Amino acid sequence: MRGPLVNKLSLIFGPRPPLNCILLCLVSVCVLIVLLSPFSSTTFDSVTSYAKPDVYTNYRKLKEQARNDYLELKSISLGANLIKDIGLCGKERENYVPCYNVSANLLAGLKDGEEFDRHCELSQEHQNCLVRPPKEYKIPLTWPAGRDVIWSGNVKLTKDQFLSSGSMTKRLMLLEENQIAFHSEDGMIVDGVKDYSHLIADMIGLGSDTEFLQAGVRSVLDIGCGFGSFGAHLLSLRLMALCVAPYEPSGSQVQLALERGLPAVIGNFISKQLPFPSLSYDMVHCAQCGIIWDSKDGLFLIEIDRLLKPGGYFVLTSPTTQQQDGTTSTKKGITSSSLEGFTKKLCWPLLAQQEETFIWQKTADSQCYTSSSQDEIPVCKGNDMQMYYQPLARCISGTTSHRWVPIHSKSDDLNSTELEIHGLHPDDFFEDSNFWKLALRNYWSLLSPLIFSDHPKRPGDDDPLPPYNMVRNVMDMNAHYGGLSAALMEARKAVWVMNVVPLGARNTLPLIHDRGFAGVLHNWCEPFPTYPRTYDLLHANGLLSHIASQKCSMFELLLEMDRILRPEGWIILSDTLGTIEKARTLAAQIRWEARVIDLQNGSDQRLLVCQKPFVRK
């Protein structure tokens, strides 16, 4: 792709100007910048300090244009533009998720279920192409309607698959001609999702599920979430419910939950730990999630114990059958007696049981695990906060952590003592919070007219307020302390954030989870475990510089961002000028509409605001 300046040169020198002419122009522009610059020692790749943004406006514009011309010519001389425009992938990749290649895993000798696990190290499927949407794809409906109705062409679920699904699925879904409607009132296990939620609240001693927050339950890990109706109800109660389910080539639980705009991520209980630190969740929920909990000598239950905070709850609902000896077993072969043996070793008393639903509560006493009767499962040694797909471990985690605080003792906002546990001074935390409140206001003032220009108000409609217009979820790809998520919540935006802490950066994920937010640890040199077209807005502050320090490819990262962003979705990148200019060049090759924003605060920082087009073929 050639810039306007190159097109002008073509008119003078012909379609292929000689190299010496280009170099001559390059030298001329360099001289121009030096003459205009008040500081001759300033390099061209850096941003000079501006005195007052409202003074020397024409001077600044002239200087910025000269600099952009220089960077464009420099990229030509360095051969950066030799990368051709990126083409579209084939139809077979419409729902492509990297790192889940069962055939390659089997050839590598993986077995016993590990062939279905995530193995990026075995993936040899790198193709520089853009994952295109299905032929029948439509922009998702806005919230709140979009939580309960999705376009059937947006997900890989056929009518035959729906008709062959179980009765529970049919109660939750109704397939119209081109839509799937989720009827949360029509029944999930007990008379309805709300009734089921009330049942759980009653079993843990609450008067209503509206009291979950007062009881210390703010974050819920929903394993094998079906299509997200239970999580959608919890989200309406202001709880953060994250769905985790295995990768599926079709009919995916995670894909449908994300298409509804609900929090979800691909994750397996097979051989590796989930990418969360210890003591992350107040409740873990499994309703017919298909996991045989007493297999592998209880390793899966030990992983649940690792994820649960002290005093947290494990809720298990599964169809059961009565045996002749009076014991109860599930269709998967789990007996109540075998689970009881493991839960006693884990210091989980059975809090309540009603028909098919069991609730255990994790002990708040860390000494329970070191008593003589609990020596069958040892306590883990060392720091286990930086867990990234490590093998499942047969040991108890978190007992020596300063974060061992019972859920009913936690306050809504982190106090100074809790901040110090995370190595943060309250003043620094307060400054970070104020920064993101201001940044959010700036982002919304930038995006609002752009979004409305793409989706104009219809006559007679009330003015929609962002993000109700088109933004339901945000991925903060370098989340730091979770400040953007907190700012969105404080501003009462109807949007949730997936906070991602990059591997190799300061691990702030425990802090993010202690704030009650959703978050994962991730290596951005690898693809993210989600389906294509699942996020409305991607935000990354300083991530491009970080991956450069990790010797990773910016080009591959932007391709991955294009994969997980829905058509007409938005990208906001914040980084240094040179990094942003390189990203702008690559964004053009990926077909994004890109705008560079000068913050005009005298810093080296720039914003790159992009929109992914709706490309059809």
Side-chain angles (χ1 to χ4, degrees), residues 118 217-223 225 231 234-235 238-245 254 257-258 261-267 273-284 303 306-309 312 384-390 397-398 401 403 407 410 412-414 418-419 421-424 429 432-433 436 472-490 493 495-524 526 528-530 534-543 546 564:
R118 172 184 167 91
V217 178
R218 296 188 298 168
S219 59
V220 178
L221 186 67
D222 193 7
I223 302 171
C225 59
L234 294 181
L235 204 63
R238 295 188 297 116
L239 274 66
M240 175 48 66
L242 177 65
C243 165
V244 172
V254 170
L258 283 164
L262 302 172
V265 68
I266 298 173
Q273 295 176 336
L274 295 175
F276 312 115
S278 301
L279 315 179
S280 290
Y281 290 95
D282 305 313
M283 178 183 286
V284 176
E303 174 67 355
R306 184 183 76 84
L307 297 174
L308 274 176
K309 295 178 181 178
D384 57 358
M385 292 296 106
Q386 188 94 358
M387 289 302 179
Y388 187 68
Y389 297 109
Q390 295 296 312
S397 302
S401 171
R403 296 174 57 240
I407 61 172
K410 284 184 172 291
D412 291 339
D413 298 319
L414 298 180
E418 291 172 318
L419 289 174
I421 289 174
H422 294 282
L424 264 180
F429 184 74
D432 181 78
S433 298
W436 285 111
R472 307 158 303 165
N473 57 12
V474 176
M475 178 184 284
D476 194 356
M477 302 172 68
N478 189 14
H480 301 286
Y481 306 143
L484 179 61
S485 185
L488 285 163
M489 181 178 293
E490 185 172 325
K493 303 295 185 184
V495 60
W496 63 270
V497 179
M498 174 60 76
N499 296 279
V500 183
V501 175
L503 202 66
R506 178 183 176 184
N507 187 9
T508 55
L509 193 55
L511 169 65
I512 288 170
H513 278 282
D514 283 354
R515 301 183 75 177
F517 302 152
V520 297
L521 193 68
H522 182 66
N523 179 4
W524 280 116
E526 300 174 351
F528 191 81
T530 192
T534 47
Y535 283 89
D536 296 335
L537 190 152
L538 304 180
H539 172 262
N541 179 26
L543 179 64
H546 172 74
I564 65 182

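The structure presented is a predicted model; accordingly, all values stated were derived computationally and were not measured. When a residue number appears, it is its place in the shown sequence, counting from 1.
In terms of the ring pair (Phe, Tyr, Trp, His ring centres under 6.0 Å) criterion, residue partners of Tyr281 (sequence neighbours excluded) are, by chain and number, Phe276, His513. For His546, there are no side-chain hydrogen bond (donor to acceptor under 3.5 Å, both in side chains) partners at least two apart in sequence or on another chain. Every residue meeting the side-chain contact (heavy atoms from CB on, under 4.5 Å) condition with Asp222, not counting sequence neighbours, appears here in chain and number order: Cys225, Phe230, His285. Under the rule for a side-chain hydrogen bond (donor to acceptor under 3.5 Å, both in side chains), the partners of Thr534 that lie at least two apart in sequence or sit in another chain are Thr530. Under the ring pair (Phe, Tyr, Trp, His ring centres under 6.0 Å) criterion, His422 pairs with no residue, sequence neighbours left out. By the side-chain hydrogen bond (donor to acceptor under 3.5 Å, both in side chains) test, Glu526 pairs with Arg118, Tyr388, sequence neighbours left out. Residues satisfying the side-chain contact (heavy atoms from CB on, under 4.5 Å) test with Ala264, not counting sequence neighbours, are Cys243, Val254, Ala257, Leu258. Residues passing the side-chain contact (heavy atoms from CB on, under 4.5 Å) test with Asn478, sequence neighbours excluded: His480, Pro502, Leu543. With sequence neighbours excluded, no residue forms a ring pair (Phe, Tyr, Trp, His ring centres under 6.0 Å) with Tyr481. For Arg515, the side-chain hydrogen bond (donor to acceptor under 3.5 Å, both in side chains) test picks out no residue, with sequence neighbours left out.
Taking both residues in full, the closest heavy atoms of Leu274 and Gly267 are given as CD2-CA, 4.0 Å, listed atom of the first, atom of the second, then distance. Taking both residues in full, the closest heavy atoms of Arg306 and Pro277 are given as NH1-C, 3.6 Å, listed atom of the first, atom of the second, then distance. Closest heavy-atom contact between Ser397 and Ser278: CB-OG, 3.4 Å. Across Val500 and Trp524, no two heavy atoms sit closer than the pair CG1-NE1, 3.6 Å. Residues Ile512 and Ala479 come closest through the heavy atom pair CD1-CB, 3.9 Å. Taking every heavy atom of both residues into account, Leu509 and Gly519 meet most closely at CD1-C, 3.5 Å.
For the pair Val284/Ile223, a side-chain contact is recorded, criterion being any heavy-atom separation below 4.5 Å from C-beta on. Between Phe517 and Met489, some side-chain heavy-atom pair lies under the 4.5 Å cut-off. Residues Met498 and Val520 form a side-chain contact, since some pair of their non-hydrogen atoms from C-beta on lies under 4.5 Å apart. Looking only at side-chain heavy atoms (C-beta outward), His522 and Leu503 stay at 4.5 Å or farther from each other. Between Asp536 and Val474, every side-chain heavy-atom pair lies at or beyond the 4.5 Å cut-off. At least one side-chain heavy atom of His539 sits under 4.5 Å from a side-chain heavy atom of Leu484. Between Asp432 and Leu424, every side-chain heavy-atom pair lies at or beyond the 4.5 Å cut-off. Between Leu538 and Met477 there is a side-chain heavy-atom pair separated by less than 4.5 Å.
In this structure, OG in Ser280 is found 8.0 Å from CG in Asp514, a value given to the nearest 0.5 Å. Taking CG of Leu537 as the reference point, atom CG of Asn473 lies at 9.0 Å (rounded to 0.5 Å). The distance from the CG atom of Leu239 to the CE atom of Met283 is 8.0 Å, given to the nearest 0.5 Å. Here the straight-line distance linking atom CG of Leu488 with atom CH2 of Trp496 works out to 12.0 Å at 0.5 Å rounding. In this structure, Leu279 CG and Leu307 CG are separated by 9.0 Å, a value rounded to the nearest 0.5 Å. From Asp413, atom CG reaches atom CD of Glu418 across 9.5 Å, with rounding to the nearest 0.5 Å.
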Could you please spell out the steps behind the side chain to side chain contact (heavy atoms under 4.5 Å, CB included) verdict for Val244 and Ile266?
CA-CA 6 Å; Val244 172; Ile266 298 173; over 6 Å; no

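Sorted by first and then second residue, the pairs that involve residues 274-283 and meet salt bridge (charged side-chain N to carboxylate O under 4.0 Å, His left out), not counting sequence neighbours, are Asp282-Lys309.
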